[in-house]
*Asks:* 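Just passing along the structure, written as structure tokens.
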Amino acid sequence: MFELFDISKEEQDVILKQARRVLSGYRQLKKAYTISMPQAHTQHYSGVSTSKVARTSNESPELMRYLELGEKVEKIEQAVERVDNNEYLKNKYMKSNELSSWRLVELSGYGKTQYGIRLKVILFDFAVAYGIVDFSKYDFKVETVSVSRA
């Protein structure tokens, strides 16, 4: 599927599985973030450190959990926004109401097979944007094409 990279089928499956795991946990993460500290939505905590080492006695564990969950939610949302055709990911993993697989296929306007292929490509793009894929481990394949005017 990803001919540009020297990635084996097994490695592709591992990457896609990790991307699915991150996205599948998004709804629960978002819910936990929302209910972890509801009063924090009305306040601004710009000067609070999220480092576990730099905690002061003024920072409550609830606030720290809220900020850590917020960072995770934001990282996933930012990675999804960097992906082209991210509506596939938003419909499948991020919307609060889960859609059935046949409804997702129907919304895409493609057949089930084509939808599956497109979703895998978009999941791989998410994996790259989220940082799951480490390109330093892979070689790029470059083919030269000569074009002549006849």
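The shown structure was predicted, so the numbers you read here are calculated from the model rather than taken from an experiment. The analysis underlying the following values was restricted to heavy atoms, covering all of them including side chains, and did not include hydrogens, waters or symmetry mates.
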*Asks:* Kindly work out whether a path of hydrophobic side-chain contacts (I/L/V/M/F/W/Y, heavy atoms less than 4.5 Å apart) joins V14 to V133.
*Replies:*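 No; V133 is not reachable from V14 via cluster members.
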
*Asks:* If you measure from the Lys or Arg side-chain nitrogens to the Asp or Glu carboxylate oxygens, is any gap between D13 and K17 under 4.0 Å?
*Replies:*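 Judged by the 4.0 Å cut-off on N to carboxylate O distance, D13 and K17 do not form a salt bridge.
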
*Asks:* Working to the nearest 0.5 angstrom, can you tell me the gap between K92 NZ and L23 CG?
*Replies:*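 Going from NZ on K92 over to CG on L23, the span is 10.0 Å.
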
*Asks:* Do the non-hydrogen side-chain atoms of L89 and F126 ever get within less than 4.5 Å of each other?
*Replies:*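 When only atoms from C-beta onward are counted, F126 and L89 do touch, with a gap below 4.5 Å.
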
*Asks:* With sequence neighbours left out, write down each residue that passes ring pair (Phe, Tyr, Trp, His ring centres under 6.0 Å) with Y93, or none if nothing qualifies.
*Replies:*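 Per chain and number, Y93 pairs via ring pair (Phe, Tyr, Trp, His ring centres under 6.0 Å) with no residue.
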
*Asks:* Quick one, I15 with L123, criterion side-chain contact (heavy atoms from CB on, under 4.5 Å). Give me CA distance, side-chain angles, the key distance, then yes/no.
*Replies:* CA-CA 9 Å; I15 290 167; L123 279 168; over 6 Å; no

*Asks:* Taking the side chain as everything from C-beta on, heavy atoms only, tell me whether N85 gets closer than 4.5 Å to D125.
*Replies:*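 No; the side chains remain at least 4.5 Å from each other.
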
*Asks:* Rounded to the nearest 0.5 Å, what's the gap from CD on E71 to CD on E74? Could you check?
*Replies:*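 Reported value, rounded in 0.5 Å steps: 8.0 Å.
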
*Asks:* Are E106 and R103 within salt-bridge range, i.e. N to O under 4.0 Å?
*Replies:*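 Yes, charged N to carboxylate O under 4.0 Å.
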
*Asks:* Which residue pairs pass the salt bridge (charged side-chain N to carboxylate O under 4.0 Å, His left out) test with at least one member in residues 21-37, sequence neighbours excluded?
*Replies:*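 Matches after skipping sequence neighbours: R27-E98, K30-E77.
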
*Asks:* May I ask you to establish whether K72 and Y33 are in a cation-pi arrangement, using a distance under 6.0 Å from NZ or CZ to the six-membered ring centre and at most 45° from the ring axis?
*Replies:*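 Output no; distance or angle outside limits.
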
*Asks:* Quick one: CG on L119 to CG on L16, what's the gap to the nearest 0.5 Å?
*Replies:*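 It comes to 9.0 Å.
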
*Asks:* Once you round to the nearest 0.5 Å, how far does CD of Q114 lie from OG of S108?
*Replies:*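 If I round to the nearest 0.5 Å, the distance is 9.0 Å.
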
*Asks:* Does a side-chain heavy-atom distance below 4.5 Å link K75 with Y130?
*Replies:*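 Yes, their side chains come closer than 4.5 Å.
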
*Asks:* If you look at every heavy atom in R82 and A129, which pair is closest and at what distance?
*Replies:*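 Taking R82 first and A129 second, the nearest heavy atoms are NH2-O, 2.7 Å.
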
*Asks:* Enumerate the residue pairs fulfilling ring pair (Phe, Tyr, Trp, His ring centres under 6.0 Å) with a member in residues 8-32, sequence neighbours excluded, ordered by first and then second residue.
*Replies:*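 Of all non-adjacent pairs touching residues 8-32, none passes ring pair (Phe, Tyr, Trp, His ring centres under 6.0 Å).
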
*Asks:* Checking E11 side chain against S8 main chain: does a donor-acceptor pair fall under 3.5 Å?
*Replies:*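 Pair found, side chain donor or acceptor close to backbone of S8.
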
*Asks:* Does Y88 have any ring pair (Phe, Tyr, Trp, His ring centres under 6.0 Å) partners at least two apart in sequence or in another chain, and if so, which?
*Replies:*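 Partners of Y88 by the ring pair (Phe, Tyr, Trp, His ring centres under 6.0 Å) criterion, ordered by chain and then number, come out as Y115.
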
*Asks:* Quick one: do V83 and L107 end up in the same hydrophobic cluster if we chain Ile, Leu, Val, Met, Phe, Trp and Tyr together by side-chain heavy atoms under 4.5 Å apart?
*Replies:*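 Yes, same cluster.
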
*Asks:* Could you pull out all residues at least two apart from E81 that satisfy side chain to side chain contact (heavy atoms under 4.5 Å, CB included)?
*Replies:*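 Applying side chain to side chain contact (heavy atoms under 4.5 Å, CB included) to E81 gives N86, K90.
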
*Asks:* According to salt bridge (Lys or Arg N to Asp or Glu O under 4.0 Å), who are the partners of R118, at least two apart in sequence or on a separate chain?
*Replies:*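 In terms of salt bridge (Lys or Arg N to Asp or Glu O under 4.0 Å), with neighbours along the sequence ignored, R118 is linked to no residue.
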
